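It should be emphasised that the depicted structure is a prediction, and the values quoted were computed from it without experimental measurement. All residue numbers in this chain count up from 1 along the given sequence.
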Amino acid sequence: MTIKRKLSIITASLFLFITPLATYASEGPLLSIGSKDGGIGNSTHYTDLAPNVSLDPKVNDIIYPLFATPAIKEKGQTLKVKVDSQGKEAAGWNVELNPIDQSPLKETYTLPVQDISSGKSHWKDSSKIYEVTVQIPEEVPEELYDLEVEYTANGQRKTDEQPHSVQVVEQFNKDFEFLHLTDTHVGSPRNLGNHDDTSTVDPGRTKEAGMWNPDEDSRWLYLQKAIKEVNMKKPDFVVVTGDLMYGQMNPQEYIYEYEETYRMLKKLEVPVYLVPGNHDYYAQDATLADGAKYWEKYFGPQYFSFDYGPYAHFIGYNSFDWHKFDRSGHGTVSVPTWGGQIRQEQLDWVKQDLKDNAKNAHPNQIRGLFSHHNPLWRDREIWPEDDPDVQKYWKQYDEQHNPQTAETLALGEKLGIEYDQQWHGENAKELMDIMERNDVDLSLHGHTHIDDISKKNGILYATTTSIELSGKPWAGFRPFQVNDGNIQDYNYEDPDRSVPVYQHGDTESGVMSFESDYENANDGTATRQTIQVTNRLKREMTLTLPAYLVKGDYSVSTGNVIQDRSSGDKQVIKVQVTVPAESSKESVIK
């Protein structure tokens, strides 16, 4: 049967299984899950409100480092920048670091070019990729920067920039902290509902959702508040494990959801590493709009690895690694596949990456993998074996998959609505075996919108609740503290609770768990600043607060000054304040 014929069958079949959001019911750690991830709801079609919105690709010439795969480098180290010249001969290279949009500082730094060579990429298919080796000068301050590359190609001068793609540090910290966020779901109608019933509409939640509010500053308040808390925590880096948007309701909605998601995540002032989830990767509208292509244009590779100096090696992989036909749905209807899978090509890449890393790994290096779906939770083990439809499904699946048949997909969707889809496809056990044989310490996941900590064969499997307001027991994120190669302090409350974004997890109130309030504009125009820091959590928090002032000499009443430098006519002072549980502190800078 031809793919075209299959598409017509599946499009018709999908309409048979439209159902409201349902409540998951199962044994084991998934018992507390809320709405199933494959469910649908009602959503505004934003192209009706903004008909001129259009695709604006963010990944162009620079293909590493990127916003979603940044480089963290010490002063004095070299950085290999990869540039796709689209087949053209290139010369006359100039590479700079520029301040990010949030910074009032305007000073730029030129990175001396050390070498130019031919390069390659595991994800970008191009006939001409250049590897430009540059050095980070010692005088570059410790900050997060935009990377700008300028070169001449076939007689024309070209410039490209990647925001938030280079973090410069004084030195890598042997003891460091990173955060795990997941399931931000920009555009999700589930943000509007009551915590116990996402099919309802709650006034407090509606405000926090800011669903396509005409005022951009009032959109997605829940995500803005989470980002503000992350920026105050100021971890060494952040990983986000997919479902960045909703991507399941309206024709061509990826056009505006990818744009809006990118805009929101640029509010982060720390390095962030992104992998896709099922909601980011659907082939919508009978496969006319492929989320996989959108991901490549906005964020780059679907899988990659990165190092935090000698102390950590992480692999981000795509656990929604299905044939395009398996990912296909249609705007305004449910989708047939939303569970996890990793196919052989990507699995082999993960295996080789871990093998290569082992050759020079530091004795105290931690190794982690992160993806949207947790390979511990496999549908073949979760779905009841005595259900005749389940038996029929796996028989059909084993006879043909990659891609599945239209009949198998329709049956899988029906069973998914009843039992949900977790790790639905191939290579979960094979992946876990590779992780165990390569001494992986940590595996990070989302998808279920719940908190869960599981340990198996020496690996910590951490699932974190969603940033989306449907999260159980609350919307939250998970900090990890690493001390001397040991992963510690990853629960806000035992046995597995993440840090709630909202006070006591009460999303309807809109009150953040911790926040800072500046008396004066924090834009480099004031000569005095008072910062009120409030911590509503049940444990103390150490937060970093930047103050941008007129250039001068200042004293700080409370907290440790971790940076004090001038740039042009401005002074930046970063103060680290430890605030006890359920209390406030005031820091005066004058």
Legend entry - For Tyr294, ring-ring contact (aromatic ring centres under 6.0 Å, His included) partners two or more places apart: Tyr254, Tyr258
Legend entry - Distance-only donor-acceptor check, side chains Asn483 and Gln488, under 3.5 Å: yes
Legend entry - Residue list, ring-ring contact (aromatic ring centres under 6.0 Å, His included) with Tyr130, at least two apart or on another chain: Trp93
Legend entry - Pairing residues for Asn154 by the side-chain hydrogen bond (donor to acceptor under 3.5 Å, both in side chains) criterion, not counting sequence neighbours: none
Donor-acceptor contacts, no H, no angles, side chain residues 67-74, under 3.5 Å, sequence neighbours left out:
unit_1 : atom_1 : unit_2 : atom_2 : d
Lys73  : NZ     : Thr78  : O      : 3.4
Glu74  : OE2    : Phe172 : N      : 2.9

Inset, instruction - For Glu96, check side-chain contact (heavy atoms from CB on, under 4.5 Å) against everything at least two apart and list the hits. - result: Asn94, Asn98, Thr108, Thr110, Glu148
Legend entry - Glu229 side chain reached by Ser513 side chain, heavy atoms, under 4.5 Å: yes
Legend entry - Tyr311: ring-ring contact (aromatic ring centres under 6.0 Å, His included) partners, not counting sequence neighbours: His362
Inset, instruction - Using distance alone, with no hydrogens and no angle criterion, decide if Ser371 and His445 have a side-chain donor and acceptor under 3.5 Å apart. - result: yes
Inset, instruction - Give a yes or no answer on whether the side chain of Arg157 reaches the backbone of Gly92 with a donor-acceptor pair at less than 3.5 Å. - result: yes
Legend entry - Trp295-Trp123 aromatic ring centre distance below 6.0 Å: no
Legend entry - Residues Asn535 and Glu540: side-chain donor-acceptor under 3.5 angstrom: no
Legend entry - Flag for Gln481-Asp489: side-chain donor and acceptor within less than 3.5 Å: no
Legend entry - Distance-only side-chain donor-acceptor flag, Ser584 / Thr534, under 3.5 Å: yes
Inset, instruction - Please list all pairs passing the side-chain hydrogen bond (donor to acceptor under 3.5 Å, both in side chains) test where one or both residues lie in residues 163-175, with sequence neighbours left out. - result: Lys75-Glu170, Asn173-Asp236, Lys174-Asp484
Legend entry - Val533 backbone acceptor or donor facing Ser516 side chain under 3.5 Å: no
Inset, instruction - Sort and list the pairs that fulfil ring-ring contact (aromatic ring centres under 6.0 Å, His included) and have at least one residue in residues 551-571, not counting sequence neighbours. - result: none
Legend entry - Distance-only polar pair, side chains of His372 and Asp243, donor-acceptor under 3.5 Å: yes
Legend entry - Residues forming a side-chain contact (heavy atoms from CB on, under 4.5 Å) with Asp569, sequence neighbours excluded: none
Legend entry - All side-chain hydrogen bond (donor to acceptor under 3.5 Å, both in side chains) counterparts of Asp215, not counting sequence neighbours: Ser218
Inset, instruction - Go through the structure and list residues passing ring-ring contact (aromatic ring centres under 6.0 Å, His included) with Phe178, not counting sequence neighbours. - result: Phe237, Phe314, Phe480
Legend entry - Test side-chain contact (heavy atoms from CB on, under 4.5 Å) applied to Lys234 - qualifying residues, sequence neighbours left out: Val270, Thr544, Lys574
